[in-house]
Structure formats: structure tokens, C-alpha cells
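Numbers restart at 1 for each chain; the letters A, B, ... are given by sequence-line order, proteins then strands. Quantities reported herein were computed from a predicted structural model and do not represent experimental measurements.
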Number of protein chains: 2
Amino acid sequence: MEAIVMAWSEQLRSAGYKITRQRRAVLQVLAERNAHWRPLEVYQRARQRCPALGLTTVYRTLDILCELGLVQRVHLEQGCHSFAPVSQGHSHHLICRKCGEVTEFEGCDLSPLLERVSRSTGFVIEEHWLELFGTCPACQEE
Amino acid sequence: MEAIVMAWSEQLRSAGYKITRQRRAVLQVLAERNAHWRPLEVYQRARQRCPALGLTTVYRTLDILCELGLVQRVHLEQGCHSFAPVSQGHSHHLICRKCGEVTEFEGCDLSPLLERVSRSTGFVIEEHWLELFGTCPACQEE
DNA sequence: AATTTAATTGAAAAATATTTTCATTTAGGA
DNA sequence: TCCTAAATGAAAATATTTTTCAATTAAATT
């Protein structure tokens with residue numbers, strides 16, 4: 001089994017959640033590809049591994065994974081119904097518009113910008129949210 | 001009538017859309033407050049001005065306004081079902097978590113960051129979204 | 001290995017959000 | 001005023017998400 005699935009399972013377990021066949025199937029699907037997934041897509045794909053899986057459980061599992069910070073909601077141009085795996089805590093996504101691949105990127109130091117905006121507007125800024133869209137190396141070749 | 005409503009109307013007209021009572025009512029509501037609006041909220045409020053208005057028309061009007069770049073979808077923590085007025089073309093929003101006020105901010109020069117991310121990932125970056133959340137000056141006083 | 005129990009489950013129903021369809025109405029040019 | 005394509009609302013359809021509840025099950029305990 002993928003290392004990431006084992007790591008996620010361990011996180012679930014230590015947060016007091018049981019490792020069920022259904023949850024494992026969901027985790028395995030998410031680990032398949034570093035991309036954004038809609039609940040229905042996860043459901044359809046995970047049912048190949050665990051035919052008894054229900055859509056409700058997919059929603060519930062994604063909720064838990066979000067709460068633990070293992071996946072994050074991704075807001076696409078078409079809507080905000082997708083989720084993507086996250087490796088560290090607070091994370092920003094770079095999304096390929098063609099294949100849907102999701103990459104996290106480092107070095108998001110927005111402090112100077114936030115500082116400037118805060119000064120000019122008088123807002124106290126508590127949270128920021130940045131997403132980039134483009135074309136990944138593989139899709140550029142086509 | 002608010003200047004902004006007239007400006008929006010002119011934009012609609014010159015894009016070939018008719019100025020109907022319904023559309024005017026929607027525009028007037030959006031001009032009331034620089035905040036984020038959900039379609040249902042717009043509907044309820046605009047019906048006070050135009051009781052014949054249907055929810056379908058609100059959705060359709062918001063679509064058109066988006067297409068013309070006069071409003072923009074706002075992605076909140078709770079979901080992406082809200083819209084906010086936009087003054088210039090590409091715009092970023094600063095959103096008050098308490099009162100919902102939406103402010104556009106200037107000076108979003110992300111070029112160095114985008115350049116850096118592009119180099120380290122190999123992605124061609126075509127679009128970026130940045131949203132800030134915090135507390136506006138008025139809400140800080142409470 | 002068997003027992004126990006609280007967590008987890010799926011199905012169905014409900015709630016919520018959005019889009020489509022279509023007959024009727026209407027804005028605005030002729 | 002007349003005309004016509006655009007726009008409309010109501011209702012139905014579709015899509016998404018949550019709630020409810022009786023049955024099942026993971027995993028701790030014996």
C-alpha cells in the first residue's frame with residue numbers, strides 16, 4: 001500500500017477514527033493521483049475497490065480529512081466542489097487547467113503585500129488564500 | 001439613480017442586452033452595499049423593488065454580469081456561491097468576516113512570486129486568484 | 001476466539017442550489 | 001404604434017449535500 005495511505009491512516013487512527021474498508025478505499029483513490037477530486041468522482045472510483053461504499057460516506061470521510069488538514073477544498077473556475085491532498089498544514093495550490101494535476105508550491109511569502117494592503121485599508125488581515133492556474137510541464141508538450 | 005447602476009446599465013446595453021425592470025432591480029441591489037451577495041439574497045431584496053422578479057432571472061443576470069466582468073464570484077470559507085461588484089477588470093478582494101464588506105485592493109504585484117513558482121515547478125502560470133480575509137475598520141471598533 | 005460496544009455504515013428522504021424548458025411577455029428599434 | 005428577438009417566470013429537472021435511523025462492524029476486552 002502506498003506510504004501516503006499508511007500515513008493518512010495513522011493520522012486518522014490517532015485522532016480516534018476507525019480504519020474501515022470504506023475509508024481505506026477513499027484514501028487509496030486520493031493517493032492515486034495528485035489532482036482535484038469531486039466527491040462523486042471519488043465515490044465512483046472507490047467503489048471499484050469497495051462496492052459497498054456509499055456516497056454519504058465519501059462526504060463524511062472528506063469532511064474528516066479536511067478537518068485533519070489532510071485534504072483541502074479547491075476552488076476551481078467551475079465551482080468549489082473539489083478536494084485535493086495536502087502535504088503540510090497551510091497550503092496553496094497550483095492547478096493544471098488541462099489535466100487537473102494539483103501541485104503545492106513553496107515560498108509563498110506574502111507578508112510585504114499583506115502589510116501594505118493592511119496599512120492602506122485599515123483591515124486586520126487574518127487569512128489569505130492564493131491559487132494559481134496554468135499548464136503543467138507534461139501538458140505543455142502536447 | 002446611483003451612478004454605478006447607470007454605468008453598469010450602459011455596459012449591458014452596449015453588449016447588446018436589454019435593460020429590463022428585473023435587471024435594473026438586481027443592479028440596484030448590488031449597488032446598495034459593497035459586499036458579497038448570494039443569489040437568493042439578491043432575489044429577496046430585489047423583489048422589494050420588482051415583485052415580479054424570479055430567482056431564475058437573478059441567476060441569469062449574475063451570469064451576464066460575471067461575463068462582462070462587472071461582478072466576480074467570491075470564494076468564501078463556506079462556499080463559492082457569492083458574488084461581489086468589481087470596479088476594474090481583474091480584481092482581488094479583501095473580505096470582512098464579520099459584516100461581509102468587500103473591498104478591492106490595489107498593488108497586487110505577485111510577479112516575483114509567480115516567476116519563482118513558475119521556475120521551480122515548470123508550470124506556465126496563466127491565472128491567479130488571491131483573496132484576503134480579516135476584519136474591517138468599523139468591525140474592529142466593536 | 002468470542003464478546004461487547006460505540007463508531008460507522010448505506011439507503012432513503014430531505015434540504016439546498018442551480019439549470020432547463022417552454023409558453024408568455026416585453027424592450028426598444030423600425 | 002407595430003414588430004420581433006430577447007427576456008421572462010413557473011415548473012420541472014438536475015445536481016449537490018445533509019439528515020435520519022436501523023443495521024453492521026472495527027477494534028478493545030475478555
Check residues 135-142 of chain B and write down every donor-acceptor pair under 3.5 Å in which the side-chain atom is one partner and the other belongs to a residue at least two apart or another chain.
unit_1 : atom_1 : unit_2 : atom_2 : d
B:T135 : OG1    : A:E126 : OE2    : 2.6
B:Q140 : NE2    : A:G122 : O      : 2.8
B:Q140 : NE2    : B:T135 : O      : 2.9

Could you pull out all residues at least two apart from B:R73 that satisfy side chain to side chain donor-acceptor pair (under 3.5 Å)?
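B:R73: no side chain to side chain donor-acceptor pair (under 3.5 Å) contacts found.
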Protein-to-nucleotide contact annotation, 5' to 3' order, nucleotides 16-29 of chain D [B base; S sugar-phosphate only; - none; under 4.0 Å, heavy atom]
SSBBB----SBS--
Gap between atoms [atom1] and [atom2], on [X] and [N] respectively (whole Å):
X	N	atom1	atom2	result
B:W37	C:dA17	CH2	P	17 Å
B:L62	D:dA7	CG	P	15 Å
A:Y43	D:dA15	OH	P	15 Å

Distance-only check: which donor-acceptor pairs under 3.5 Å involve side-chain atoms of residues 45-56 of chain B, not counting sequence neighbours?
unit_1 : atom_1 : unit_2 : atom_2 : d
B:R45  : NE     : B:E32  : OE1    : 2.5
B:R45  : NE     : B:E32  : OE2    : 3.4
B:R45  : NH2    : B:E32  : OE1    : 3.2
B:R47  : NH1    : B:Y43  : OH     : 3.0
B:R47  : NH1    : B:P51  : O      : 3.3
B:R47  : NH1    : B:L53  : O      : 3.0
B:R49  : NH1    : B:Q28  : OE1    : 3.3
B:R49  : NH2    : B:E32  : OE2    : 3.4

Is the shortest side-chain N/O distance from A:R23 to OP1 or OP2 of C:dT9 below 4.0 Å?
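Affirmative; the distance criterion is met.
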Members sharing A:V124's hydrophobic cluster (side chains within less than 4.5 Å)
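None, because no other hydrophobic side chain comes under 4.5 Å of this residue.
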Heavy-atom pair with the smallest gap, counting every atom of B:P39 and B:V58:
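Closest approach of B:P39 to B:V58, heavy atoms only: O-CG1, 3.6 Å.
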Please enumerate all residues that pass ring-ring contact (aromatic ring centres under 6.0 Å, His included) together with A:F133, with sequence neighbours excluded.
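Applying ring-ring contact (aromatic ring centres under 6.0 Å, His included) to A:F133 gives B:W129.
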